[in-house]
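Here's the structure we're looking at; comments come further down.
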Amino acid sequence: FSPYYAWSGWRHPENHCAMNVALYSVRGNRWAMTERGHRSLDRDSDKIAISRSSMSWESETLRINVDEWTAPLPSRLRGTVTLHPSYLSGQTFALDGEARHVWRPIAPRGRVAVQFEDGTSWNGEGYFDSNCGDEPLERRFRSWDWSRSHVADDATIVYYDVTLRNGEQRSLALKFDSTGEDTAIHAPPLTRMPKTFWRMQPTARGDRGMEPRLVRVLEDAPFYARSHLAGQVDGAPADIMHETLSLDRLSNPVVRAMLPFRMPRLAGGR
């Protein structure tokens with residue numbers, strides 16, 4: 001989503017890296033996403049460090065060290081997030097017919113421990129995935145809606161609905177059981193959720209008659225929204241994490257010019 005990467009003509013990706021941290025708590029929401037240049041990047045097969053923040057595998061535990069400045073109002077954001085996966089998935093799923101963009105649910109379920117210096121801390125359920133592609137998202141897609149639900153039988157259910165640039169619609173509906181085995185399941189109908197402040201129109205999937213309902217909007221941007229939903233999924237009550245993304249809006253020059261307000265850039269050293 002980096003505007004600087006787009007303005008560079010999508011050249012030299014290692015010169016456009018950031019650790020994005022969004023922290024929602026009773027103390028208030030905090031956001032950090034400072035882009036840095038290649039001199040701030042250090043990575044190998046088990047870790048990636050961007051300036052003072054890092055993610056590393058320690059055996060089968062993912063440890064995230066956060067040391068960032070928030071935006072738009074600067075304040076120090078320091079803490080750790082530790083993910084203990086219930087299992088690791090080796091599966092990848094193509095999001096388009098040519099597999100130019102793929103999604104990998106690395107750890108569909110796990111235990112998370114969160115501890116920040118401001119006193120914010122909790123333990124709970126976690127999820128870890130990855131997206132990658134061979135071209136900018138907006139060249140292939142117009143929009144997508146994604147949701148993840150943890151249900152009572154230790155399963156995780158993901159719905160992924162994308163609209164390609166040519167108008168084709170593709171969907172994934174997957175259930176990961178307690179061992180990490182994935183099964184394609186029937187996708188229930190899409191439900192229109194309330195429009196966001198920026199007039200985004202999210203859609204979400206849930207069982208007929210128990211359609212998802214909005215609990216809280218967590219992130220509301222001109223091209224992206226993240227929300228906490230509740231409903232019934234695959235016959236079980238579920239808390240639902242949902243996101244909607246408009247690539248048409250992201251590629252709009254006016255929207256791109258707004259992004260540095262939330263995503264400053266420091267191209268120097270560490």
Side-chain angles (χ1 to χ4, degrees), residues 1-2 13 17-24 33 43 45-48 50 53-58 60-64 66 81-96 99-114 124-137 140-141 143-151 154-163 170-185 187 202-205 212 218-219 223-229 233-234 238-245 247 250:
F1 300 152
S2 165
C17 50
M19 183 79 77
N20 177 212
V21 183
L23 183 64
Y24 313 110
M33 194 173 184
R43 63 175 179 165
S45 61
D46 294 321
K47 75 170 185 180
I48 180 170
I50 302 170
S53 296
S54 64
M55 303 176 70
S56 60
W57 285 107
E58 300 172 2
E60 292 188 351
T61 297
L62 180 68
R63 182 177 179 84
I64 304 168
V66 176
V81 179
T82 306
L83 171 67
H84 304 277
S86 300
Y87 48 81
L88 294 173
S89 172
Q91 290 278 32
T92 58
F93 299 87
L95 298 178
D96 64 298
R100 299 294 302 275
H101 298 265
V102 299
W103 164 69
R104 181 185 171 192
I106 298 170
R109 194 158 190 154
R111 297 295 298 173
V112 167
V114 176
E125 295 283 355
Y127 170 92
F128 179 41
D129 71 358
S130 173
N131 284 77
C132 65
D134 296 331
E135 63 184 356
L137 285 171
R140 185 66 49 168
F141 303 103
S143 63
W144 77 40
D145 285 272
W146 171 94
S147 69
R148 179 268 297 158
S149 307
H150 289 161
V151 293
D154 291 333
T156 298
I157 294 174
V158 175
Y159 299 125
Y160 212 144
D161 298 281
V162 302
T163 301
R170 298 173 63 94
S171 297
L172 291 170
L174 297 167
K175 182 174 184 177
F176 299 86
D177 67 18
S178 59
T179 68
E181 290 294 322
D182 62 272
T183 304
I185 61 174
T203 60
R205 293 190 185 274
L218 300 171
E219 209 67 61
F223 67 95
Y224 175 85
R226 179 185 298 135
S227 301
H228 173 203
L229 311 178
V233 175
D234 197 38
D239 284 323
I240 304 166
M241 185 62 68
H242 178 273
E243 68 175 20
T244 187
L245 171 67
L247 283 314
L250 174 63

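For clarity, every value in this text was computed on a predicted model and none was experimentally measured.
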By side-chain hydrogen bond (donor to acceptor under 3.5 Å, both in side chains), Asp129 pairs with (sequence neighbours left out) Trp103, Tyr127
Test side-chain contact (heavy atoms from CB on, under 4.5 Å) applied to Ser56 - qualifying residues, sequence neighbours left out: Lys47, Glu58, Arg63
Can you check whether Tyr159 reaches Ile185 side chain to side chain, under 4.5 Å on heavy atoms? yes
Ala94 and Arg170 have their tightest heavy-atom pair at O-NH2, 4.4 Å
Who are the salt bridge (charged side-chain N to carboxylate O under 4.0 Å, His left out) partners of Glu125, not counting sequence neighbours? Arg109, Arg111
Sorted by chain and residue number, the salt bridge (charged side-chain N to carboxylate O under 4.0 Å, His left out) partners of Asp239 (sequence neighbours excluded) come out as none
Begin with the C-alpha distance, continue with both residues' side-chain angles, and end with the deciding distance and a verdict on side-chain contact (heavy atoms from CB on, under 4.5 Å) for Val112 and Val81. CA-CA 7 Å; Val112 167; Val81 179; 3.9 Å; yes
Quick one: are Leu245 and Phe1 in side-chain contact, heavy atoms under 4.5 Å? yes
Would you check, one step at a time, whether the test side-chain contact (heavy atoms from CB on, under 4.5 Å) holds for Phe93 with Tyr160? CA-CA 10 Å; Phe93 299 87; Tyr160 212 144; over 6 Å; no
Interatomic distance, Leu62 atom CG to Asp46 atom CG [nearest 0.5 angstrom]: 11.0 Å
Restricting to salt bridge (charged side-chain N to carboxylate O under 4.0 Å, His left out), what partner residues turn up for Arg104, sequence neighbours left out? none
First locate atom CG of Leu174, then atom CD1 of Ile157, and finally report the distance between them rounded to the nearest 0.5 Å. 10.0 Å
All side-chain contact (heavy atoms from CB on, under 4.5 Å) counterparts of Thr179, not counting sequence neighbours: Asp177, Glu181
Qualifying residues under side-chain contact (heavy atoms from CB on, under 4.5 Å), relative to Glu219, sequence neighbours excluded: Ala22, Tyr24, Trp31, Tyr224, Arg226, Arg262
Just so I know, are the side chains of Leu88 and Trp57 near enough to count as touching, which here means a heavy-atom distance under 4.5 Å? yes
For Asp161, check side-chain hydrogen bond (donor to acceptor under 3.5 Å, both in side chains) against everything at least two apart and list the hits. Ser171, Arg205
From CD1 (Ile106) to OG1 (Thr92), nearest 0.5 Å: 11.0 Å
If you draw a 6.0 Å radius around CD in Glu135, do more than 12 non-hydrogen atoms from other residues or ligands fall strictly inside? yes
Please round to the nearest 0.5 Å and tell me the distance separating atom CD1 of Ile240 and atom CZ of Arg148. 10.0 Å
Roughly how far apart are Ser149 OG and Lys175 NZ, rounded to 0.5 Å? 11.5 Å
Contact summary for Met33 and Ala18, nearest pair of heavy atoms: CG-CB, 4.2 Å
Report the C-alpha separation of Leu95 and Leu172 in whole Å, then their side-chain angles, then the decisive distance to 0.1 Å, and conclude whether the side-chain contact (heavy atoms from CB on, under 4.5 Å) test is met. CA-CA 8 Å; Leu95 298 178; Leu172 291 170; 4.1 Å; yes
Measure the CD1-OG distance between Ile48 and Ser54 for me, rounded to the nearest 0.5 Å. 10.0 Å
In chain order, what residues pass the side-chain contact (heavy atoms from CB on, under 4.5 Å) check against Thr163, with sequence neighbours excluded? Arg142, Ser143, Gln169
Identify, with sequence neighbours excluded, every residue that meets side-chain hydrogen bond (donor to acceptor under 3.5 Å, both in side chains) alongside Thr61. His84
Hey, are the side chains of Phe128 and Met55 touching, using non-hydrogen atoms and a 4.5 Å cut-off? yes
Using the test salt bridge (charged side-chain N to carboxylate O under 4.0 Å, His left out), find all partners of Asp145 that sit at least two apart in sequence or belong to another chain. none
Apply side-chain hydrogen bond (donor to acceptor under 3.5 Å, both in side chains) to Trp144 and list each qualifying residue two or more places apart in sequence or on a separate chain. Glu243
In short, His242 meets Thr203 closest at the heavy-atom pair NE2-O, 2.8 Å
For the backbone of Pro108 and the side chain of Thr156, can you confirm whether one donor and one acceptor N or O come within less than 3.5 Å of each other? yes
